[in-house]
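This report refers to the structure that appears directly beneath it.
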Protein chains: 2
Amino acid sequence: MFTLAEENYLKAIYHLEKESKSGVSTNAIAVKLNTQPSSVTDMVQKLAHKKVLSYQKYKGSFLTKEGKKIATNVIRKHRLWEVFLVEKLKFQWDEVHEIAEQLEHIKSEELIKRLDAFLDHPDFDPHGDPIPDENGNIKPTEKKLLSELQKDQRGICVGVKESSSQFLQYLDTRNIGIGTTIKVVDKEEFDDSMTIQVGETQLHITDKIAHNLYINTN
Amino acid sequence: MFTLAEENYLKAIYHLEKESKSGVSTNAIAVKLNTQPSSVTDMVQKLAHKKVLSYQKYKGSFLTKEGKKIATNVIRKHRLWEVFLVEKLKFQWDEVHEIAEQLEHIKSEELIKRLDAFLDHPDFDPHGDPIPDENGNIKPTEKKLLSELQKDQRGICVGVKESSSQFLQYLDTRNIGIGTTIKVVDKEEFDDSMTIQVGETQLHITDKIAHNLYINTN
DNA sequence: TTTAATTTTTAGTCTTGTCTAAACTTATGG
DNA sequence: CCATAAGTTTAGACAAGACTAAAAATTAAA
Ligand SMILES: [Mn+2]
Ligand SMILES: [Mn+2]
Ligand SMILES: [Mn+2]
Ligand SMILES: [Mn+2]
């Protein structure tokens with residue numbers, strides 16, 4: 001059995017591993033979890049001992065198959081709870097992360113099985129992130145960053161990379177959400193900003209925004 | 001803010017206080033929480049320092065107003081989650097306690113407010129226990145133990161005193177649940193056992209059963 | 001290829017919550 | 001009313017997780 005703290009470490013390392021392509025550095029984990037590097041060293045040594053990750057001094061950490069299983073299961077629970085909070089309890093999509101951060105640690109296989117059924121086996125959470133199945137499999141989805149689109153290309157917003165409250169509320173006020181059709185009207189090479197069409201209105205956005213919206217172009 | 005362990009202590013002491021009428025003994029808390037008396041002494045001293053209970057060496061503990069507020073709030077959350085698990089996720093009434101024991105510690109006022117609304121502001125949990133309101137008020141209900149009924153008296157089962165899996169499953173197999181009408185057909189003075197009528201069938205029960213069923217006679 | 005900067009680990013402490021063993025109070029029964 | 005039992009508290013220890021300060025390894029710069 002894994003503690004709340006251990007689960008949080010495994011989840012963080014899982015996410016970092018996807019970005020970094022190599023071993024996950026102690027510092028990166030510390031930044032993500034808002035702790036000190038020395039605390040991370042202690043924990044990864046313990047987790048290595050428990051065989052959920054491999055670790056070599058100064059070389060960083062890799063999750064083992066077992067570690068990935070646990071991480072994806074926590075992520076599955078997190079995202080299912082987020083769906084519950086938005087779909088059933090009518091929370092806004094920017095309000096659910098904190099609460100799901102707690103709920104993801106509730107221990108009961110049966111609970112998650114039933115929650116999943118209650119929610120009609122959703123494939124994505126309210127931020128467009130895919131929900132892993134019971135075995136940790138995540139079906140790959142067609143999506144690119146809005147910043148990768150060319151002038152005059154259009155697509156549907158299928159997710160957000162960042163999901164901070166500030167960003168989500170920014171999107172809310174501009175009527176951008178999952179499912180919204182977005183067309184690139186113009187791109188400015190100099191600062192990577194672009195003008196986009198959302199419904200009837202045109203909107204000028206910075207590259208920071210464009211780099212955090214996932215688009216499906218089909 | 002109170003930790004999970006502190007909340008469990010406050011809840012346990014709250015329940016024990018209702019039974020004992022005087023100060024709650026260190027031993028009683030230890031038994032209820034499955035810990036050692038020495039651990040309890042440490043904790044009640046800490047909680048006394050935090051002003052949620054009053055404690056005198058060798059004299060036991062009393063919750064303060066503040067302590068009762070926290071305890072009833074945890075109980076409110078526990079029971080609301082139990083309703084959710086049974087009403088929405090279709091768990092059996094004997095399967096929900098363990099899970100609610102974890103869920104009761106999730107921290108979010110808003111979550112509970114919305115959960116309560118989602119469940120249509122229930123007054124009782126699946127075991128017939130009343131759900132305290134946001135201020136900790138519990139509306140008193142008319143109920144007595146089945147063992148207190150006289151021969152030929154009848155009433156409706158409105159709750160269980162014990163809620164162990166064994167007992168609840170015993171009731172299930174005999175078609176006794178919340179809302180079931182029960183009539184006392186006969187009482188045996190010698191061993192306090194009784195014969196009761198449930199629907200079409202008669203049933204002989206021991207005093208242990210009769211002492212754990214709450215009945216409303218109106 | 002040394003030196004300096006950065007990253008990581010170790011050593012030592014702390015808090016929370018638990019335990020055992022021993023000491024101390026209170027309650028009981030002769 | 002005193003001796004023993006029962007209940008309770010203290011003393012000392014431990015595991016989990018965190019932190020600070022200092023040492024060591026790695027990387028980058030000169
Ligand atoms: Mn978490
Ligand atoms: Mn999400
Ligand atoms: Mn609990
Ligand atoms: Mn209950």
Side-chain angles (χ1 to χ4, degrees), chain A residues 1-13 16-17 19-63 67 70-71 74 101-102 104-107, chain B residues 1-13 16-17 19-63 67 70-71 74 101-102 104-107:
Chain A
M1 201 49 51
F2 289 81
T3 65
L4 186 147
E6 289 170 337
E7 288 186 346
N8 281 339
Y9 272 90
L10 291 172
K11 189 173 64 135
I13 295 167
L16 291 168
E17 209 166 25
E19 310 286 281
S20 66
K21 259 78 186 176
S22 68
V24 178
S25 80
T26 298
N27 256 13
I29 301 169
V31 168
K32 177 148 255 190
L33 291 178
N34 222 338
T35 56
Q36 296 310 119
S38 53
S39 307
V40 174
T41 300
D42 284 349
M43 184 57 98
V44 295
Q45 286 175 349
K46 187 171 60 156
L47 291 174
H49 200 256
K50 282 191 161 193
K51 311 282 190 203
V52 288
L53 57 78
S54 66
Y55 161 78
Q56 292 180 84
K57 270 186 175 191
Y58 299 102
K59 297 289 173 56
S61 306
F62 297 84
L63 293 186
I70 295 160
V74 174
E101 204 61 40
Q102 299 176 60
E104 72 189 1
H105 303 291
I106 301 292
K107 268 144 188 86
Chain B
M1 202 49 51
F2 289 82
T3 66
L4 186 148
E6 290 171 337
E7 288 186 345
N8 281 338
Y9 272 89
L10 291 172
K11 188 173 64 135
I13 295 167
L16 290 168
E17 208 166 26
E19 310 287 279
S20 66
K21 259 79 185 174
S22 67
V24 178
S25 81
T26 298
N27 256 12
I29 299 169
V31 168
K32 176 147 255 191
L33 292 179
N34 222 339
T35 55
Q36 296 311 119
S38 54
S39 307
V40 174
T41 300
D42 284 349
M43 183 58 98
V44 296
Q45 285 175 350
K46 186 171 61 155
L47 291 174
H49 200 255
K50 281 191 162 193
K51 310 283 190 202
V52 287
L53 57 78
S54 65
Y55 161 79
Q56 291 180 84
K57 272 186 174 189
Y58 299 103
K59 298 289 173 58
S61 306
F62 297 84
L63 293 185
I70 294 159
V74 175
E101 206 60 40
Q102 299 176 61
E104 72 189 2
H105 303 290
I106 301 291
K107 267 139 190 88

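Within every chain, numbering begins at 1; the chains are lettered A, B, ... in the order of the sequence lines, protein sequences first and strands thereafter. Keep in mind that what you see is a predicted model, and the values were worked out from it rather than measured.
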In sequence, state the C-alpha distance, the side-chain angles, and the governing distance for A:K50 and A:E6, and then conclude on side-chain contact (heavy atoms from CB on, under 4.5 Å).
CA-CA 11 Å; A:K50 282 191 161 193; A:E6 289 170 337; 3.1 Å; yes
Starting from C1' on D:dT9, measure out to NZ on B:K59 and report it in whole angstrom.
14 Å
Are any of the side-chain nitrogens in B:K32 or B:E19 under 4.0 Å away from the carboxylate oxygens of its partner?
no
Between CD of B:Q45 and P of C:dT16 the distance, given in whole Å, is 14 Å
Nucleotide nearest B:M43 when distance is taken to its side chain, options D:dT10, C:dT18, C:dT9
C:dT18
Proximity to the side chain of B:D42 - top-ranked nucleotide from C:dT9, C:dT18, D:dA18
C:dT18
Could you tell me whether the side chain of A:Y55 reaches within less than 4.5 Å of the side chain of A:T41, counting heavy atoms only?
yes
Find the distance A:Y58:OH to C:dT6:C1' and express it as a whole number of Å.
12 Å
So, is A:Q56 close to the C:dT8 phosphate, meaning a side-chain N or O under 4.0 Å from OP1 or OP2?
no
Residues from residues 24-39 of chain A sitting under 4.0 Å of DNA chain C, heavy atoms only?
A:S25, A:T26, A:N27, A:P37, A:S38
Trace of the side-chain contact (heavy atoms from CB on, under 4.5 Å) decision for A:V24 with A:I29:
CA-CA 7 Å; A:V24 178; A:I29 301 169; 3.6 Å; yes
Counting only N and O atoms by type, is there a donor-acceptor contact under 3.5 Å from the side chain of B:E17 to the main-chain atoms of B:L63?
yes
Should A:V74 and A:L10 count as side-chain neighbours, where that means a heavy-atom distance under 4.5 Å?
no
So A:Y9 and A:T35, do their side chains get closer than 4.5 Å, heavy atoms only?
yes
Let's see if you get this right: which residues in residues 2-12 of chain B place a heavy atom under 4.0 Å from DNA chain C?
B:T3, B:A5, B:Y9
Any non-hydrogen side-chain atom of A:N8 less than 4.5 Å from a side-chain atom of A:K11?
yes
